[in-house]
Structures are given as structure tokens and as C-alpha cells.
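Position 1 is the first residue of the sequence, and the numbers go up from there.
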Amino acid sequence: MKESSAGPKRELARRAVRGTVAVFAANSASRLIALGGTLYLMARVGAAEFGVVAYAAALLAICDAATNWGFAQAAVHRRERVAETFSTFLMLRLGLLLGALAVLGAAAVVLRKEFAARTNLDVLAVLALATVWDAVSDAQAARLSRALRFGRLAVADVASVAAGMGVAVALAAWGWGMWALVANRAVGSLMRLLCLAVLSTEPPGAGYYPADARWLLRFSLPLWFGSLATTWVLNYDDLVVGELWGKVTLGHYDRAYGLAILPLAFVTGVLTRVSFPLYARLQGDRGRLSEAFRIASGATLRLAAPISLGLALAIPDVLAVLGWRQWEPIVPILRWLLVYAVARPLMDDAGGLLTATGQPKVTGYTLLAEAAALLVLCPVLAWHWGAEGAATSVGLVVLGGLAAWYGWFLPRVVDIAWWRMLAAPVASLGLAAAAGLAVSRWGGLGAGWAAGAAKLAAVAVAYAGALLLLDGRGTLGDLRKLWQHGLGSQTDGAEG
């Protein structure tokens, strides 16, 4: 009996971990492609043009969030009437989005002069079409995620990034400037839509079922507040910087933010995609859910934090080697974004856990509080300290929300391993930061490849050494569990 009950559990763990490995490999490839292409675009396209596209993208992201009620998470969570739920999800998603885009289009016509002073209306129109393509993709992506078909999602992601960035680089080489940035987003969205249509195991369906629509709306209403609040937190700072300091400063802020979230793209994009459906399946089993959360969230912090720190310390050397003096203003912005870059992955994973275990109201109301705080804090700090102030504000509000979740709400559903998950990695990060700053100040290497490599080496060695010293047994134990569940033999150990 013990072996038969342990079999499905082991198989679920193996599928989740193997999915993580597959997604991580594909995600790493896509992010490396994006990084290489972005560096080329930064060499060919000016900061003001990045600012124009960033402003339009921020407006559309808010429209998208206003109509994306969290239907994907609701559909993954539900265990009955799956086909009807997903088809209704698609219809609701498209209908609400098209309505919001119509309102934005009308506003752009009425306030044409004001919009034209901040962005390009043709850019706005093309990116709006890409937003519709993304909405259609959402239903199929959620269905594949629910089935733990992470490999197929990874293929679609890699193909979309490669296609979008390939077209963008070609257009930039031919002197198309701003439109290369637009093509990157639009072509990538279209390619993802086509890939998911080919790779999906079931057709998306186009039916609308009122009973399922009511269930989706009831479940998703708190998620809608959270989704809108999250998008507000992620894009309001762009609008504030653009309004107060203009297109060039917004372009610098946009590129600094893009670099700051690179670790999130490499790490969080993989783990949260796998962990959310896994948390949903383990809801009700506190012991196994606590273990899954400890491993996923602990791995998120252990991986994302040192990458963010190394990037913040080494970016001046990268710019010096490339000779990009025009991008030097991103250095202080990127460093002030470090708090956000470390806290955001933990926030994403914790929010996924709360939603997967049927507590979307907690997630939604917390994110709404963050949005309200940012509404006040960001303009004040940005007015006094420019883009660096805006970067500080987003880090502070995310850190505050994370503290509330860990202090009051997460302990209701999981047992938190405080030392292993938080204290040991944060202490190790502090020692690594001290080592990197010491090399920067007293290394005597100047700016360049040697200095950048020395800083990264100091961060890596100090962080790994401190982590093994402070929590070596726990870290190695989690790695061993990943091996046993995901990479070990199907017949390994019967101890469960």
C-alpha cells in the first residue's frame, strides 16, 4: 500500500522537476538571445526611442491588466468542467480586452496632441494588436501549464523570442530605429500565438457558458485587483518618469529595469511557471506543500539574488568596454533597483502559493495596498531624486508587501523554514556585496573586463562559501531531493 500510494506522488514530483529542467534550459536560451539582441539594439537605437516605446507599452499593460482578471490562474485551479471553463475564459478575456482597447483608442483620438507628445500613435496601434495576440495565447498557455506540459510552453517561448529579436536586429541594422523595438514585441507575440496553436493538445474552444463565466468572475475578482495592482506597480513608475523627466530619462530607466529583471527572467520565469500548478495540486497536504514551497522559494532567492548583485556591480565595466557613454545614467538606477530585483522573485512565488491554495483575496488586497502606496511614494521620490527615486519606490513597496505575506498570511498554509529560505541566503548576499565592493574600491583595476570579472568572481566565491558555511547541509539536501525526484532512477529508493 505504501509503495502504491507513493508512486503517483513520486511521478508528480518527477514531472514537476523535469519540467523545471526543460523550461530552465529553454528559458536560458531565450533570455540569452534576448540579452544579445537587446545589447545590439542599445547600440543602434537611442534612449529617447526606447522611451517612446516604453510609454506606449506601459499604457497597454495597464489596459491588459484591467481586463485580465486572473482567469488563467482560476482555470488552472478548477478541477471540474475544464473544457467549458477554458473556452469561457478565452471569450471573457478577448471581450474585456477589446473593450478596454476601444476606450484607449477613443482617448488617443480625443487627446491626440497630448498622446503624441509622449509616445507615437502608430506605435500604440501596433502594440495594441500584439496585446490582442497575447490575450488569445493566454488560454492555450494556461491549458498546457495545467497539464504540466512545460516543454511545449518552453518551445513556444524560445521561438517567439528568437523570431521577434531576429526581426528587430535586422530592422535596426537597416536603420529603422524605433520600429525595430516595436517589431520585437509584435513579431514575438504573433510567433508565440502560432506556436501554441500548433503545440496545443486540445483546440482552444470558443464557447461561452454563463455558469462557468460566473464562477470565473467570482474566483478572479480578487485576482483582478491583484493583477491590476501588480501591473500598476510595474508600469506606473514608467509613466511617472516619462511625465516628470521626459523620453530620454524614461529610456534610461526602461533599459535599467530591463537589466534588473534579467535574473527574474532566468529564474522566476521558470520556477513560478512550474510551482503554481504544483502548489495547486498539493493544496490540502501541508507537509508536502511546505516542502515544495521551501525548495522553490529558497532556490529562487539563492539563484536570483547573487545574479542581481553581480550585475549591479559589474555594469559600469560592461559599459566601459563597449564604449557606451550614452548609457552610463543607467548605472545608479540599476543599483537602486537591486532591492526590487531581490524581493520581486519571492513575491511572485509567494503570491502563486496563496492563489493556488484558494486565497486570491489576500494576494489581491495586498497588491492593491502596494499600488496605493506607490501612487503616493513614486511621484514624491521621483520628483526629488529622478529615476533613482522611482527605482527606490518600487523596491520599498514590494518589500513591504512581501513582509506582510511572510509575517501574517503564508504561515496559515505552510511551515516557513526561516533560516534556510531567507536568513542564510540574505546573510550570504551581504557578505558577497562586501566582497564585490572591496574589489571595486581597492582592487586598483579601473573600469574594464578585468575589473568586471574580478567583481563577479568575488561575489560568486563569497556567496557560495558563505552559503555553504551557513546552510550547507540544507542546501545540499534540497539539491539531493531534486536529484531523487527529477533525475534519479525511476526505481530509486522506496523509502518515500
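Side-chain atoms of W179 and V123, non-hydrogen and from C-beta on, do get closer than 4.5 Å to each other. L338 has its side chain out of reach of L311: every pair of non-hydrogen atoms, C-beta onward, lies at least 4.5 Å apart. Counting heavy atoms from C-beta outward, R344 and L402 have side chains that stay 4.5 Å or more apart. In this structure, the side chains of Y340 and I261 come closer than 4.5 Å at one or more pairs of heavy atoms. Side-chain contact between N184 and V169: absent, with no pair of heavy atoms (C-beta onward) separated by less than 4.5 Å. Taking the side chain as every heavy atom from C-beta outward, L153 and L196 approach each other to under 4.5 Å. For the pair P345 and L301, the minimum side-chain heavy-atom distance is 4.5 Å or more. Looking at V339 and L396, their side chains never come closer than 4.5 Å, going by heavy atoms from C-beta outward.
No donor-acceptor pair closer than 3.5 Å links the side chain of Q140 to the backbone N or O of S137. Judged purely by atom type and a 3.5 angstrom limit, S160 uses its side chain to pair as donor or acceptor with the backbone of D157. Side-chain atoms of S440 never come within 3.5 Å of backbone atoms of L437 as a donor-acceptor pair (strictly under, hydrogens ignored). Between the H252 side chain and the Q326 main chain, a donor and an acceptor come within less than 3.5 Å of each other. Distance alone, capped at 3.5 Å, is enough to place a donor-acceptor pair between the R44 side chain and the A173 backbone. Remark: side-chain polar atoms of W245 are not paired, donor with acceptor, to backbone N or O of W383 under 3.5 angstrom.
Side-chain contact of Y253 with D237: a donor-acceptor pair under 3.5 Å is present, judged by distance alone. A donor-acceptor contact closer than 3.5 angstrom is absent between the side chains of T300 and D349.
Residue V45 comes nearest to G177 through the heavy atom pair CG2-O, 3.7 Å, listed as atom of the first residue, atom of the second, then distance. When all heavy atoms of L309 and A433 are compared, the closest pair comes out as CD2-N, 3.5 Å. Between W449 and V321, the closest heavy-atom pair is NE1-CG1, 2.9 Å. Closest of all the heavy-atom pairs between G436 and V459 is CA-CG2, 4.1 Å.
Under the side chain to side chain contact (heavy atoms under 4.5 Å, CB included) criterion, S428 pairs with Y463, A466, L467, L470, not counting sequence neighbours. Residues that satisfy the ring-ring contact (aromatic ring centres under 6.0 Å, His included) test with F89, not counting sequence neighbours, are absent from this structure. Looking at residues two or more places apart in sequence or on another chain, you find a side chain to side chain contact (heavy atoms under 4.5 Å, CB included) between S30 and N27, V158, V161. Annotation: side-chain hydrogen bond (donor to acceptor under 3.5 Å, both in side chains) contacts of D64 (sequence neighbours excluded): R93.
The stretch residues 369-382 participates, sequence neighbours left out, in no side-chain hydrogen bond (donor to acceptor under 3.5 Å, both in side chains) pair at all. Contacts classified as side-chain hydrogen bond (donor to acceptor under 3.5 Å, both in side chains) and involving residues 301-318 (residues at least two apart or in different chains) are given here: R302-D471, R302-T475, D317-K455.
Distance OG1/T392 to CG/L381: 6.5 Å, rounded to 0.5 Å.
For the pairing with F50, the side chain to side chain contact (heavy atoms under 4.5 Å, CB included) check across V248, L181, L250 returns one residue only, L181. No option in L171, V187, L127 other than L127 meets the side chain to side chain contact (heavy atoms under 4.5 Å, CB included) test with V182.
The local environment of CH2 in W133 is crowded, with over 12 non-hydrogen atoms from other residues, nucleotides or ligands closer than 6.0 Å. A 6.0 Å sphere centred on CH2 of W336 holds no more than 12 heavy atoms belonging to other residues, nucleotides or ligands. Around the CH2 atom of W174, the shell of radius 6.0 Å holds no more than 12 heavy atoms that belong to other residues, nucleotides or ligands.
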Give the intermediate values and the outcome of side-chain contact (heavy atoms from CB on, under 4.5 Å) for residues S297 and L346. CA-CA 6 Å; S297 191; L346 296 177; 3.5 Å; yes
Please step through salt bridge (charged side-chain N to carboxylate O under 4.0 Å, His left out) for the pair D134 and R192, ending with a clear verdict. CA-CA 8 Å; D134 287 335; R192 187 169 186 268; 5.3 Å; no
Verdict with reasoning, V394 to Y236, per side-chain contact (heavy atoms from CB on, under 4.5 Å): CA-CA 9 Å; V394 294; Y236 177 63; over 6 Å; no
Taking it one step at a time, do L59 and F115 satisfy side-chain contact (heavy atoms from CB on, under 4.5 Å)? CA-CA 11 Å; L59 290 174; F115 272 75; 3.9 Å; yes
Which is it for I62 and L239 under the side-chain contact (heavy atoms from CB on, under 4.5 Å) test, yes or no, and what are the steps along the way? CA-CA 11 Å; I62 293 173; L239 299 179; 3.7 Å; yes
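A salt bridge links E243 with R118: the distance from a Lys NZ or Arg NE/NH1/NH2 to an Asp or Glu carboxylate oxygen falls below 4.0 Å.
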